[in-house]
Novice: 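Sharing a structure, written as structure tokens. Questions coming.
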2 protein chains.
Amino acid sequence: MSVTNGRVPTVLSAEFGLPVTAAEHEACPVTDVLRRIGDKWSVLVVVVLGRGPRRFNELHRSIENISQRMLTRTLRALQRDGLVTRTVYPTVPATVEYALTDLGRTLLGPLSALTDWAIANREDIEVARIRHDEMEERPPS
Amino acid sequence: MSVTNGRVPTVLSAEFGLPVTAAEHEACPVTDVLRRIGDKWSVLVVVVLGRGPRRFNELHRSIENISQRMLTRTLRALQRDGLVTRTVYPTVPATVEYALTDLGRTLLGPLSALTDWAIANREDIEVARIRHDEMEERPPS
DNA sequence: CGGCATCCTGACCGATACTG
DNA sequence: CAGTATCGGTCAGGATGCCG
């Protein structure tokens, strides 16, 4: 990781207690990535493709209640970021296969760290939410 | 991890090649968590609080161009999920201190896995985007 | 089979002004 | 100091219909 301009990315600035400028925030890779894969379907698609290449309708069935529109959009976005490849075979009708790129595959590791955390702590979060919601209905006497 | 109903969470179903039902998707802890921290500011706030407790305006200055409104909303949401505590000291004027809970601190690890990935691969993604965008301006001859 | 075009709703988010 | 209230803009995402 080289930082040529003498500044570090946003989150690191914050960790060093420095203020964060507008320009840095726009460029923050973490914010950028989280907003990319933080949408409703990207992670699901990446994880499914982590098991191997899939055709469009295979994905559509695997993720059941994703709309065609959103599956297309999600795949296009992942493709644009170089995480997924799209291969068209000139059959009739056309066959299209999606697969993770090498870059996409490197995301599986960090992702599983987060998914493991989510699974391990879902109960605690659920309990915290319920307690919090009850508190504001009947404020503590 | 105990799965009492004989089904596994969404992403795991997908990994085993099973279809994903609507009910499971709503309950998917991964989707749930990602939508929670995938917003524009939550990760930044958690990381800053990872360095120690902070008062409202300290956070406001550390993250510079977050609006008061969004800082309040982000903190409330993190508090609701049991990731952040809010302590009011009865001074005049009031002093409010925010800090990570134990649960919140456990999120720092998985988060850094993702931030490291984001920082390590930002260039590749940037290049992929530019290449992709150029391709659709002038389709390959 | 694998899309794209259109319409529409609600969530997210920023700006601004006001308050105990 | 630490918020709340209100307004408005942008955009994710769902429903539906058409196409090579």
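Chain letters run A, B, ... following the sequence lines, proteins first, then strands; residues in each count from 1.
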Novice: Look only at the side chain of B/E58 and the backbone of B/R55, and say whether a donor-acceptor pair between them is shorter than 3.5 Å.
Specialist: yes
Novice: Could you state the atom-to-atom distance from CD1 of B/I66 to C1' of C/dC12 in whole Å?
Specialist: 13 Å
Novice: How many angstroms lie between atom CG of B/L107 and atom CD1 of B/I37, to the nearest 0.5 angstrom?
Specialist: 5.5 Å
Novice: Where the side chain of A/T95 is defined as all heavy atoms beyond and including C-beta, which of D/dG3, D/dG13, C/dG2 is the nearest nucleotide?
Specialist: C/dG2
Novice: Got a sec, which residues hit side-chain contact (heavy atoms from CB on, under 4.5 Å) with B/A94, two or more places apart in sequence or on another chain?
Specialist: none
Novice: Send over the distance from B/D39 CG to C/dC12 P, rounded to a whole Å.
Specialist: 8 Å
Novice: Indicate whether OP1 or OP2 belonging to D/dA12 is found under 4.0 Å from a side-chain N or O atom of A/R73.
Specialist: yes
Novice: Would you please test A/V43 and B/T31 for side chain to side chain contact (heavy atoms under 4.5 Å, CB included) and show each step?
Specialist: CA-CA 8 Å; A/V43 169; B/T31 300; over 6 Å; no
Novice: With sequence neighbours excluded, what pairs up with A/A120 under the side-chain contact (heavy atoms from CB on, under 4.5 Å) test?
Specialist: none
Novice: Taking side-chain contact (heavy atoms from CB on, under 4.5 Å) as the definition, give me every residue that meets it alongside B/L103, ordered by chain and number, with sequence neighbours left out.
Specialist: A/W117, A/N121, A/D124, A/I125, B/L83, B/T101, B/T106
Novice: Taking any heavy-atom pair under 4.0 Å as a contact, classify A/Y89: base, sugar-phosphate, or nothing.
Specialist: nothing
Novice: Considering only heavy atoms, which members of residues 74-88 of chain A lie under 4.0 Å from some atom of DNA chain C?
Specialist: A/R76, A/R86
Novice: Specify the separation, in whole Å, of atom OH of B/Y98 and atom C1' of D/dA2.
Specialist: 7 Å
Novice: Under the rule for side chain to side chain donor-acceptor pair (under 3.5 Å), what residues qualify as partners of A/S112, not counting sequence neighbours?
Specialist: none
Novice: If you look only at distance, which donor and acceptor atoms sit under 3.5 Å apart when one is on a side chain in residues 66-76 of chain A and the other is two or more places apart or in another chain?
Specialist:
from	atom 1	to	atom 2	distance (Å)
A/S67	OG	A/M70	N	3.1
A/T72	OG1	A/Q68	O	3.0
A/T74	OG1	A/M70	O	2.7

Novice: Show each protein N/O and nucleotides 15-20 of chain D N/O combination with a separation under 3.5 Å, one pair to a line.
Specialist:
none

Novice: Taking OP1 and OP2 of D/dA2, is either one under 4.0 Å from a side-chain nitrogen or oxygen of B/R61?
Specialist: no
Novice: To the nearest 0.5 Å, how far apart are OG1 in B/T85 and CG in B/L78?
Specialist: 11.0 Å
Novice: Need the bend value for the helix from C/dC1-D/dG20 to C/dG20-D/dC1: angle between end axes, 5 pairs each end, nearest 10°.
Specialist: 50°
Novice: May I have the distance from B/L71 (atom CG) to C/dC13 (atom P), rounded to whole angstrom?
Specialist: 13 Å
Novice: Which residue pairs pass the salt bridge (charged side-chain N to carboxylate O under 4.0 Å, His left out) test with at least one member in residues 78-103 of chain A, sequence neighbours excluded?
Specialist: A/R36-A/D81, A/R80-B/D133, A/D81-B/R129, A/D102-A/R105
Novice: For A/E97 and for B/G38, find the nucleotide of DNA chain C with the closest heavy atom, then tell me which residue's nucleotide is more 5'.
Specialist: A/E97
Novice: Can you list the residues that meet the side-chain contact (heavy atoms from CB on, under 4.5 Å) rule with A/N57, with sequence neighbours excluded?
Specialist: A/H60, A/R61
Novice: To the nearest angstrom, how far is A/F56 atom CZ from C/dG2 atom P?
Specialist: 8 Å
Novice: Any side-chain N or O of A/K40 less than 4.0 Å from the OP1 or OP2 oxygen of C/dA11?
Specialist: no
Novice: Give the nucleotide from the list C/dC13, C/dC1, D/dA2 with an atom nearest to the side chain of A/N57.
Specialist: C/dC1
Novice: Of the non-hydrogen atoms in A/A118 and B/V33, which two are nearest, and what is the gap between them?
Specialist: CB-CG2, 3.5 Å
Novice: To the nearest Å, give me how far apart CG (A/N65) and P (D/dG14) are.
Specialist: 8 Å
Novice: Between A/M70 (CE) and C/dC7 (C1'), how many Å, whole number?
Specialist: 13 Å
Novice: Roughly, in whole Å, what's the span from CD in B/E64 to C1' in C/dG14?
Specialist: 16 Å
Novice: Just compare D/dT4, D/dG14, C/dG3 and give me whichever is closest to any side-chain atom of A/V96.
Specialist: C/dG3
